[in-house]
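All of these numbers come straight from a predicted model, not from anything done at the bench.
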Amino acid sequence: MRCVIVDDSRRFLDAAHRLLVREGVAVVGTATTTAEAAGLIGRLRPDVVLVDIDLGGESGFDLITRLRASGESAPMILISSHAEQDYAELIAASPAIGFVAKTSLSAGAIRRLLNG
């Protein structure tokens, strides 16, 4: 599984990258902004994209909506340090296939969402 992670925290990106690689996920790229993410995802064609809901002054919801509208077909999973219920309606209305709390992030959690 080839994965791109989008988060505005370099510290989280580094930790998530190490965790997922250790669990057998190929993290092929990371991005800290929506512009960087759009270019990277288009170029790398990952199997799954993890997108933080809060990207500093930018929105992960906006990013995945724009990516999907531009024809990006990779499954996208929203991540956050906030609880899922804080964003439940927005998550349900988004083109994301689901949500994983950052504290629960794992290869298994990603696979469960990908396998429906």
How about Thr103 and Ser81: do any of their side-chain heavy atoms sit closer than 4.5 Å?
no
Is it true that Ile77 and Leu90 fall in one hydrophobic cluster, defined by side-chain heavy atoms closer than 4.5 Å?
no
Classify the ring geometry between Phe61 and Tyr87 as parallel (under 30°), tilted (30 to 60°) or perpendicular (over 60°).
tilted
Is there a donor-acceptor pair closer than 3.5 Å between any side-chain N or O of Asp47 and the backbone N or O of Arg2?
yes
Do you know which two heavy atoms are closest between Ala109 and Ser104, and how far apart they sit?
CB-O, 3.8 Å
Can you confirm whether Thr34 sits close enough to Asp62 that some side-chain heavy atom of one is under 4.5 Å from a side-chain heavy atom of the other?
no
So Leu63 and Glu58, do their side chains get closer than 4.5 Å, heavy atoms only?
no
Under a single-linkage definition using a 4.5 Å side-chain heavy-atom cutoff for Ile, Leu, Val, Met, Phe, Trp and Tyr, are Ile5 and Leu78 assigned to the same hydrophobic cluster?
no
Closest heavy-atom pair, Leu67 versus Ala38, reported as atoms and distance to 0.1 Å, is CD2-CA, 4.0 Å
Path from Leu50 to Ile97 over hydrophobic side-chain contacts below 4.5 Å
yes
Can you give me every donor-acceptor pair (side chain of residues 14-23, partner residue at least two apart or in another chain, under 3.5 Å) with its distance?
unit_1 : atom_1 : unit_2 : atom_2 : d
Arg18  : NH1    : Asp14  : O      : 3.4
Glu23  : OE1    : Ala107 : N      : 2.6

In terms of hydrophobic clustering (I, L, V, M, F, W, Y; side-chain heavy atoms under 4.5 Å; direct or indirect links), are Val28 and Met76 co-clustered?
yes
Looking at every heavy atom in both Ala74 and Glu72, which two are closest together, and how far apart are they?
N-OE2, 3.0 Å
Taking C-beta and beyond as the side chain, do Asp8 and Leu13 meet within less than 4.5 Å on heavy atoms?
no
Return the minimal non-hydrogen interatomic distance between His82 and Phe99, and the atom names on each side.
O-CZ, 3.5 Å
Sort and list the pairs that fulfil salt bridge (Lys or Arg N to Asp or Glu O under 4.0 Å) and have at least one residue in residues 95-116, not counting sequence neighbours.
Asp7-Lys102, Asp52-Lys102
So, do Ser80 and Asp54 sit near enough that their side-chain heavy atoms are less than 4.5 Å apart?
no
Hydrophobic clustering (ILVMFWY, side-chain heavy atoms < 4.5 Å, transitive) - are Val49 and Leu55 grouped together?
yes
